[in-house]
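All remarks here apply to the structure that follows.
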Amino acid sequence: MIIVMRSEATEEQVMAVDERLRALELASNISRGRERTVIGAIGDDRKVQTETLEAMAGVERVIRILKPYKIVAREWHRDDSVIQIGGVPLGGRTVQVIAGPCSVETPEQMDVSAAAVRAAGCRLMRGGAFKPRTSPYTFQGLGEKGLEYLVNAARQHGLPVVTELMDVRQLDTFMRYGVDVIQIGTRNMQNFDLLKEVGRVDRPVILKRGMAATISEWLMSAEYIAAGGNHKIIFCERGVRSFETAYRNMLDVTAVAVLKRETHLPVIIDPSHAGGKAWMVPSLARAAVAAGADGLLVEMHPCPNEAWCDADQALTPQELNTLMGELRGIAAVLGRDL
Ligand code: PEP
Ligand code: MN
C-alpha cells in the first residue's frame, strides 16, 4: 500500500504515519520527491483499513497495490525514474550507450577502449573484472587488478563505469574503487542474498534478466533490491534461452514494452550477449532503441579477434562509431537524443 502525503504535509505528519505503519507491523519506505512525500507500506497489509490511514493529518490518499512487486511498480511512481550515474542521466530523454570490452585485460587495452568509447559518443563504460564463466578452466577475470585498470582508464576519459559483482564479499572493494554502477549478471538474478546486499548500498544497479526468468520473477528480484532501500535499479534484457540455435540467446524486445508499462525504472538492452555475434549487434541495437529502450550495454574491443572473452560478439571501435550514428537517427524520430 502507498500513502501519498499532501504537498504541504509536515515532517511530524510523515513521521506519525511512519509510526502508525510500524504499529501495524508493516515496514515503511519513505520516498521524498520534489513535489510530495510518498510512503510505501511493505508487508501483509490485508487487514489494514485504508480509511483509518486516510483520516490521518497530512495524508492525501492511500492506494492499495495489487501487484506482488511494489516499490518498482509504476503504480508506486507514475513518472519515469531517471537515475543519475556520475552526472549522466539514465532513463530520461537521452538514450545512453554503455560500451566497452567484455573483460578487463591490460591497462593498454583499457586505455584504448576508453578512448574509443568516448570518441564514439558513449557516456558510460563497461568492463568485467570478475567474470562468470561457464568453464572453470577459462579466463576468470583479473579480479581487483581489473577494477583498478577499468577505473583508471575510464576516469581519464571522464566515463563512469559499470562492472559485474558476483560475490557479496567483493562489495566493499567495489565501493572502495568507486564503481559507479554494479551489474548483477544473468546467472545471479535470483541470488537473493546478493540482491539484498546491493539493496543496502547507495549505488545504481543494473539487474540483468535471468536467462530463463519470467518478467514477473525479474520484477520480484528488483523488488528485493528496492526493499533494502536502493531504488536505483536499471533492468537489462540480454536475451533468453530458447529452442533456437542460430544465435546465443533470443532477444526479447517485447520485454521493453511490458517493463515500461509495469515499472517506472529504466530499461536497457544488451544486444551483444543476446546475438552472440558482432554482425547481429547493430540490428538488435536498432530494434532496442526503436522499441523504447533507455539505453544499451554493448561489447566493444580494440581488437576483437584478440579478446580474452566473448571475442565473437565484440564490435570494433569503428563499428561502434557507425552504430552510434544510426542509433542517433532512430532516437531522433522518437523525440529522444543519444
Ligand atoms: C557480461 O555482461 O559480461 C555478462 C557476463 O553478461 P550476462 O550476465 O548477460 O551473461
Ligand atoms: Mn561478455
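Note that the structure is a prediction, hence the values are computed from the model and not measured. Order of listing sets the numbers, starting from 1, for every ligand and every atom in it.
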How many angstroms lie between atom CD1 of I85 and atom CG of L124, to the nearest 0.5 angstrom?
5.0 Å

Closer than 4.0 Å to some heavy atom of [X] - which atoms of ligand 1 meet that?
| X | answer |
| --- | --- |
| G185 | 8 (O) |
| E299 | 3 (O) |
| R238 | 7 (P), 9 (O), 10 (O) |

Nearest neighbour in protein (non-hydrogen) for [atom]:
| atom | answer |
| --- | --- |
| atom 8 (O) of ligand 1 | T186 N, 2.9 Å |
| atom 1 (C) of ligand 1 | H273 CE1, 3.2 Å |
| atom 7 (P) of ligand 1 | K208 NZ, 3.5 Å |

By residue and atom, what protein N/O/S atoms are less than 2.8 Å from the Mn ion (ligand 2)?
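Hits for the Mn ion (ligand 2) below 2.8 Å: C102 SG, H273 NE2, E299 OE2, D310 OD2.
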
SB check [X] [Y] (cutoff 4.0 Å):
| X | Y | result |
| --- | --- | --- |
| E217 | R209 | no |
| R248 | D312 | no |
| R203 | D180 | no |
| R126 | E164 | no |

Backbone or side-chain N or O of R126 under 3.5 Å from ligand 1 N or O:
yes

Check for me whether M211 has a heavy atom closer than 4.0 Å to any atom of ligand 1.
no

Evaluate salt bridge (Lys or Arg N to Asp or Glu O under 4.0 Å) for D45 paired with R64, printing each intermediate quantity in order.
CA-CA 9 Å; D45 60 12; R64 270 197 199 277; 3.6 Å; yes

Exam field: side chain E306 to backbone C303, donor-acceptor pair closer than 3.5 Å:
no

Residues V289, R336; criterion side-chain contact (heavy atoms from CB on, under 4.5 Å); working and verdict
CA-CA 10 Å; V289 175; R336 299 182 84 166; over 6 Å; no

Do D310 and Q313 meet the criterion of a side-chain donor-acceptor pair at a distance under 3.5 Å?
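Present: a donor and an acceptor within the cut-off.
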
Looking only at heavy atoms, which two atoms of Y224 and K196 are closest? And how far apart?
CE2-CE, 3.7 Å

